[in-house]
Amino acid sequence: MVEDMDLLNDILIQDRSINLQTLSDVITLAVEIAREGREGRRIGTLFVISDEQTVLASSKPLILDPLWYHSDDEKRIKNPNMRETFKELAQLDGAFVVADDGRVLSACRYINASAEGISLPLGLGSRHMAAASISKSTNCIAVVVSESSMVRVFDNGELISEIIPEIWLLKTYSLHIKGIYSTRTGSQLTVASKKTDDAKSHSAQSD
């Protein structure tokens, strides 16, 4: 997995105004969840990253928050002692709210953001709509793990990237990204990312 992280370069661009290390760490966890599932079944979940106070104000807990009494250090996305806990909580309904500095502030939250002006491809359900809506109404980025084992990234209400954790899935799924996009394949991942001016510049410098 680590060797494929350079495939995320088109997602991790500076003009996203977000902690790119946190975004990378969340995507890594999301890919693990998509690959592994839980208790032998595929699961879906949602991570909302950055602009955390606005996101918290635009959401509400579905249950008593299971992360409430954990310390900030314990709740960091890179904390290996919490990794399995995050994966367990991913089985529950609702979204994770992740601070820009990598703390997972809350879990199992219902996202309450307007879907006005959001247009998603057919086949993407309520979790993807919540991700698109909250990324448009706040300065966050949303990462969705689909029960079909895909990972999708939303920024400013748009689907900007689709990550296919298993190469064999390429023959099964068609991409939903609109407009011009690039596709990169490594030993374990395929990442399709919508082209931005910054991403095009980065690609030109990398070639």
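Along the sequence shown, the residues carry numbers beginning at 1. Every heavy atom of this structure was used, including side-chain atoms; hydrogens, water molecules and symmetry mates were not.
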Asks: So, the side chain of D101 versus the backbone of R103: is there a donor-acceptor pair under 3.5 Å, distance only?
Replies: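 Yes.
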
Asks: Can you name the closest pair of heavy atoms from A131 and V144 and give their distance?
Replies: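 Taking A131 first and V144 second, the nearest heavy atoms are CB-CG2, 3.4 Å.
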
Asks: Under the side chain to side chain contact (heavy atoms under 4.5 Å, CB included) rule, collect the residues that match up with N19, sequence neighbours excluded.
Replies: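 With sequence neighbours excluded, N19 shows a side chain to side chain contact (heavy atoms under 4.5 Å, CB included) to Q21, T22, D100, given in chain and number order.
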
Asks: How far apart are the closest heavy atoms of A142 and I134, and which atoms are they?
Replies: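 For A142 and I134, the tightest heavy-atom pair comes out as CB-CG2, 4.4 Å.
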
Asks: Would you please name every residue forming a side-chain hydrogen bond (donor to acceptor under 3.5 Å, both in side chains) with D65, sequence neighbours left out?
Replies: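 S106.
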
Asks: Of the non-hydrogen atoms in I164 and M150, which two are nearest, and what is the gap between them?
Replies: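 In this case the closest contact between I164 and M150 is CG1-SD, 3.6 Å.
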
Asks: Can you list the residues that meet the side chain to side chain contact (heavy atoms under 4.5 Å, CB included) rule with N139, with sequence neighbours excluded?
Replies: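 Expected list: D51.
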
Asks: Let's go through M129 and I118 carefully: what are the C-alpha distance in whole Å and the side-chain angles of both, what is the deciding distance for side chain to side chain contact (heavy atoms under 4.5 Å, CB included) to 0.1 Å, and is it a yes or a no?
Replies: CA-CA 8 Å; M129 180 58 74; I118 300 294; 3.5 Å; yes

Asks: If every non-hydrogen atom of V151 is compared with every non-hydrogen atom of V143, which pair is closest and at what distance?
Replies: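 Smallest heavy-atom distance, with atoms named: CG1-CG1, 3.7 Å.
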
Asks: Give the C-alpha distance, both sets of side-chain angles, the deciding distance and a yes or no for side chain to side chain contact (heavy atoms under 4.5 Å, CB included) between L23 and L12.
Replies: CA-CA 8 Å; L23 177 57; L12 306 177; 3.6 Å; yes

Asks: With heavy-atom distances below 4.5 Å as the criterion, would you say the side chains of I163 and V31 are in contact?
Replies: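 Yes. Closest side-chain heavy atoms under 4.5 Å.
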
Asks: Taking atom NZ of K194 and atom OG of S161, what is their separation to the nearest 0.5 Å?
Replies: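 So the NZ of K194 and the OG of S161 are separated by 12.0 Å.
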
Asks: Measuring from atom CZ of R152 to atom CD1 of I27, what distance do you get when rounded to the nearest 0.5 angstrom?
Replies: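 Taking CZ in R152 and CD1 in I27, the distance rounds to 14.0 Å.
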
Asks: Any salt bridge (Lys or Arg N to Asp or Glu O under 4.0 Å) pairs touching residues 88-97, not counting sequence neighbours?
Replies: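 Checked against salt bridge (Lys or Arg N to Asp or Glu O under 4.0 Å) - neighbours excluded - the pairs reaching residues 88-97 are R38-E88.
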
Asks: Output all residues satisfying side-chain hydrogen bond (donor to acceptor under 3.5 Å, both in side chains) with K75, sequence neighbours left out; order by chain, then residue number.
Replies: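 K75 satisfies side-chain hydrogen bond (donor to acceptor under 3.5 Å, both in side chains) with no other residue.
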
Asks: Taking C-beta and beyond as the side chain, do L92 and I63 meet within less than 4.5 Å on heavy atoms?
Replies: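 Result yes, sub-4.5 Å side-chain heavy-atom pair found.
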
Asks: So how far is it from I141 CD1 to I11 CD1, rounded to the nearest 0.5 Å?
Replies: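 It is 9.0 Å, given to the nearest 0.5 Å.
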
Asks: Below 4.5 Å, heavy atoms only, C-beta onward: do V48 and V98 meet side chain to side chain?
Replies: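 When only atoms from C-beta onward are counted, V98 and V48 do not touch, as no gap falls below 4.5 Å.
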
Asks: State which residues pass side chain to side chain contact (heavy atoms under 4.5 Å, CB included) with S135; sequence neighbours excluded, sorted by chain then number.
Replies: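 In terms of side chain to side chain contact (heavy atoms under 4.5 Å, CB included), with neighbours along the sequence ignored, S135 is linked to C140, F154.
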
Asks: One thing to verify: whether R42 and E147 come together as a salt bridge, which I'm taking to mean a side-chain N less than 4.0 angstrom from a carboxylate O.
Replies: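 No.
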
Asks: Could you tell me the separation between the CZ atom of R16 and the CD1 atom of I18, rounded to the nearest 0.5 Å?
Replies: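 Separation between the atoms: 9.0 Å.
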
Asks: Any idea which heavy atoms bring Q91 and I43 closest together, and the distance?
Replies: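 In terms of heavy atoms, the two residues are closest at CG-CD1, 4.0 Å.
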
Asks: Checking F96 now: which residues fulfil ring-ring contact (aromatic ring centres under 6.0 Å, His included) with it, not counting sequence neighbours?
Replies: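 In terms of ring-ring contact (aromatic ring centres under 6.0 Å, His included), with neighbours along the sequence ignored, F96 is linked to F47.
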
Asks: Salt bridge check, R35 against E32: does any charged N sit closer than 4.0 Å to a carboxylate O?
Replies: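 No, E32 and R35 are not salt-bridged.
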
Asks: Using the test side-chain hydrogen bond (donor to acceptor under 3.5 Å, both in side chains), find all partners of E52 that sit at least two apart in sequence or belong to another chain.
Replies: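 None.
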
Asks: Quick one: salt bridge (Lys or Arg N to Asp or Glu O under 4.0 Å) pairs with a partner in residues 110-138, sequence neighbours left out?
Replies: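 Qualifying pairs, neighbours excluded: none.
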
Asks: Checking S59 now: which residues fulfil side-chain hydrogen bond (donor to acceptor under 3.5 Å, both in side chains) with it, not counting sequence neighbours?
Replies: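 With neighbours one apart ignored, the set is R109.
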
Asks: Look up atom OG in S24 and atom CG in L29, then write down how far apart they are to the nearest 0.5 Å.
Replies: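 Rounded to the nearest 0.5 Å, the OG-CG separation comes out at 11.5 Å.
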
Asks: Restricting to side chain to side chain contact (heavy atoms under 4.5 Å, CB included), what partner residues turn up for D73, sequence neighbours left out?
Replies: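 Side chain to side chain contact (heavy atoms under 4.5 Å, CB included) list for D73, sorted by chain: S71, R76.
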
Asks: Which value, rounded to the nearest 0.5 Å, describes the distance between S137 atom OG and I111 atom CD1?
Replies: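 The CD1 atom of I111 is 9.0 Å from OG of S137, to the nearest 0.5 Å.
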
Asks: By the rule that ILVMFWY residues connect when side-chain heavy atoms come within less than 4.5 angstrom, directly or transitively, which residues belong alongside Y69?
Replies: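 Its cluster partners, ordered by chain and number, are W68.
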
Asks: If you look at every heavy atom in L67 and A107, which pair is closest and at what distance?
Replies: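 Nearest heavy atoms, L67 then A107: CD1-CB, 4.0 Å.
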
